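Counting starts at 1 for both ligands and their atoms, following the listed order. Along the sequence shown, residues carry numbers from 1. Given the structure is predicted, the values throughout are model-derived calculations rather than measurements. Heavy atoms only: backbone and side chains are in, while hydrogens, waters and symmetry mates are out.
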Amino acid sequence: MSDSSPGEAPAQGEIPVREVLVDIADRVATVTLNRPAALNALNYAIKGQLLATFLDLARDRSVRAVVLTGVGRAFSAGQDLRERLEPGAPPLDEELTLRYNQIIRAIREAPQPVIAAVNGVAAGAGASLAFVCDLRIASESASFVLAFGRIGLVPDSGATWTLPRLVGAARAAELALLGDAVSASDALTMGLVSRVVPQEMLAAEAATMAARIAALAPGATTMTKHLLERAFDHDLDAALAAEAEAQGIAGRDPDHSEGLAAFMGKRAPRFSPD
Ligand code: T3D
């Protein structure tokens with residue numbers, strides 16, 4: 001894994017502080033935002049490390065599922081507003097193009113399903129990060145805030161695209177325009193997350209979900225992720241064609257033969273052993 005923060009070379013002999021922690025075990029990568037004192041607000045270092053991490057993981061065929069979470073009482077409070085006020089801060093369109101949008105694409109295009117384990121407040125681009133993940137589970141203390149309007153900005157980092165797809169146009173408009181905090185239980189009701197668990201069970205719940213995904217046939221899993229992403233952009237004919245193409249590829253993969261043999265042998269399949 002990449003260990004340096006793009007744009008921030010540590011002084012010689014200095015131990016770099018990692019704003020993004022990466023733990024890989026049993027084919028699952030756990031990526032943890034680590035600026036708890038600032039509610040994991042996204043500064044240059046954390047954004048650089050997050051992008052580098054997802055680009056590295058995309059090349060790591062041993063990793064079959066990713067969990068994204070945060071240290072402390074926040075998932076992420078979005079853009080670091082203190083950094084934004086520093087002299088020389090880049091224009092917002094540049095910041096989005098060069099940093100945020102690349103992170104969002106890297107998560108979206110990752111071959112592995114990414115599970116957001118939302119451990120606390122997810123605000124602004126922090127909420128957008130959770131929205132772009134393939135699965136979202138939340139602790140009871142989690143909340144989502146489309147905080148952009150409060151500071152005179154528009155929702156970004158994909159939120160205008162992901163949110164209506166997740167909760168529908170009417171709810172998306174209310175969340176984006178009014179910016180009220182959505183509790184974990186309301187997020188569950190509106191389909192923004194698929195599970196809510198007590199805080200102390202969140203990591204285990206995410207790990208179990210990731211382990212189940214990691215045990216699947218990786219090629220079929222990647223194609224399933226990408227087929228679902230295109231669901232709202234395709235008409236039925238295009239979806240049927242895309243499924244047929246993907247199924248052709250899956251059907252030629254040795255993992256399909258293994259799945260069939262395991263079924264006939266009444267045993268668990270061993271997909272793509274390392
Ligand atoms: O580059 C660009 O700007 C373009 C991209 C924009 C994308 C965006 O994300 S724009 C939206 C940015 N985020 C926000 O506007 C959210 C700001 N934060 C909040 O609204 C609240 O902090 C929360 C709702 C997230 C949590 O509220 P609460 O009451 O639980 O905590 P708090 O007391 O407000 O914050 C605790 C500390 O975290 C505090 O620091 P202190 O006073 O203890 O030293 C606070 O300043 C700091 N903090 C929280 N959010 C941010 C932050 N520091 C920097 N940036 C933040 N976004």
- Query: Heavy-atom distance from atom 27 (O) of ligand 1 to the protein below 4.0 Å?
  - Reply: no
- Task: Could you check atom 49 (C) of ligand 1 against the protein and tell me its nearest heavy-atom contact, residue, atom and distance included?
- Result: L39 CD1, 3.8 Å
- Heavy atoms of other groups near R212 CZ, more than 12 under 6.0 Å: no
- Query: Looking at atom 39 (C) of ligand 1, would you say a protein heavy atom lies below 4.0 Å from it?
  - Reply: no
- Message: Which heavy atom of Q79 sits nearest to which heavy atom of L42, and what is that distance?
- Response: OE1-O, 3.6 Å
- Taking N or O atoms only and a 3.5 Å limit, does R84 qualify as a polar contact for ligand 1? yes
- Within 4.0 Å of atom 31 (O) of ligand 1 (strictly less), any protein heavy atom? yes
- Task: Answer yes when D80 and K47 have at least one side-chain N-carboxylate O distance shorter than 4.0 Å, and no when they do not.
- Result: no
- Item | salt bridge (charged side-chain N to carboxylate O under 4.0 Å, His left out) between D233 and R165, intermediate numbers included | CA-CA 10 Å; D233 305 320; R165 283 168 167 75; 2.6 Å; yes
- Message: Give me the residue, atom name and distance of the protein heavy atom closest to atom 20 (O) of ligand 1.
- Response: R150 NH1, 4.2 Å
- Item | Polar atom proximity, A77 to ligand 1 (N or O, under 3.5 Å) | yes
- Would you say the side-chain atoms of D23 pair up with the backbone N or O of T30, donor to acceptor, closer than 3.5 Å? no
- Message: Give me the residue, atom name and distance of the protein heavy atom closest to atom 24 (C) of ligand 1.
- Response: V121 CG2, 4.2 Å
- Does an N or O from Y100, backbone or side chain, lie closer than 3.5 Å to an N or O of ligand 1? no
- Under 3.5 Å: donor-acceptor pair, side chain of S76, backbone of N40: yes
- Task: Give the numbers and elements of all ligand 1 atoms closer than 4.0 Å to a heavy atom of L92.
- Result: 1 (O), 2 (C), 3 (O), 4 (C)
- Take atom CD in E229; do more than 12 heavy atoms of anything else shown fall under 6.0 Å from it? yes
- Query: Quick one: which ligand 1 atoms are inside 4.0 Å of a heavy atom on G78?
  - Reply: 9 (O)
- Message: Between R136 (side chain only) and A117 (backbone N and O only), is there a donor and an acceptor less than 3.5 Å apart?
- Response: no
- Note on the structure: Q79 heavy atoms within 4.0 Å reach ligand 1 at atoms 1 (O), 2 (C), 3 (O), 6 (C), 7 (C), 8 (C), 9 (O), 12 (C), 55 (N), 56 (C), 57 (N)
- When only distance counts, is E95 in polar contact with ligand 1, meaning an N/O pair under 3.5 Å? no
- Distance below 4.0 Å between atom 15 (O) of ligand 1 and any protein heavy atom? yes
- Item | Sidechain-backbone polar pair: N34 side chain, R18 backbone, donor-acceptor under 3.5 Å | yes
- Return a yes/no value: protein heavy atom under 4.0 Å from atom 2 (C) of ligand 1? yes
- Taking only heavy atoms of D156 into account, list the atoms of ligand 1 that are under 4.0 Å away from them. 4 (C), 5 (C), 6 (C), 7 (C)
- Note on the structure: With heavy atoms and a 4.0 Å threshold, my read on which part of D80 contacts ligand 1 is both
- Query: Would you say R73 contacts ligand 1, with heavy atoms under 4.0 Å as the rule?
  - Reply: yes
- Task: Please could you name the atoms of ligand 1 that G124 approaches to less than 4.0 Å, counting only its heavy atoms?
- Result: 9 (O), 11 (C)
- Item | N or O contact, A147 vs ligand 1, cut-off under 3.5 Å | no
- Would you verify that at least one protein heavy atom lies under 4.0 Å from atom 34 (O) of ligand 1, or report that none does? no
- Task: Tell me, with the steps shown, if E243 and R230 meet salt bridge (charged side-chain N to carboxylate O under 4.0 Å, His left out).
- Result: CA-CA 11 Å; E243 287 172 3; R230 288 182 283 173; over 6 Å; no
- Task: Write out the residue and atom name of the closest protein heavy atom to atom 17 (C) of ligand 1, then the distance separating them to 0.1 Å.
- Result: L81 CD1, 4.0 Å
- Message: Please determine whether salt bridge (charged side-chain N to carboxylate O under 4.0 Å, His left out) holds for the pair R108 and D134, giving the CA-CA distance in whole Å, both sets of side-chain angles, and the decisive distance to 0.1 Å.
- Response: CA-CA 8 Å; R108 202 69 183 181; D134 301 287; 5.2 Å; no
- Query: atom 47 (C) of ligand 1: which protein heavy atom is closest, and how many Å away?
  - Reply: R82 NH1, 4.1 Å
- Query: Is it true that K225 and E109 make a salt bridge, defined as a side-chain N closer than 4.0 Å to a carboxylate O?
  - Reply: no
- Would you check the N or O atoms of A125, main chain and side chain alike, for any that come under 3.5 Å of an N or O of ligand 1? yes
- Message: Checking the side chain of E95 only, and the main-chain atoms of P90 only, is there a donor and an acceptor separated by less than 3.5 Å?
- Response: no
- To the nearest 0.1 Å, how far is atom 48 (N) of ligand 1 from its closest protein heavy atom, and which atom is that? A38 O, 4.2 Å
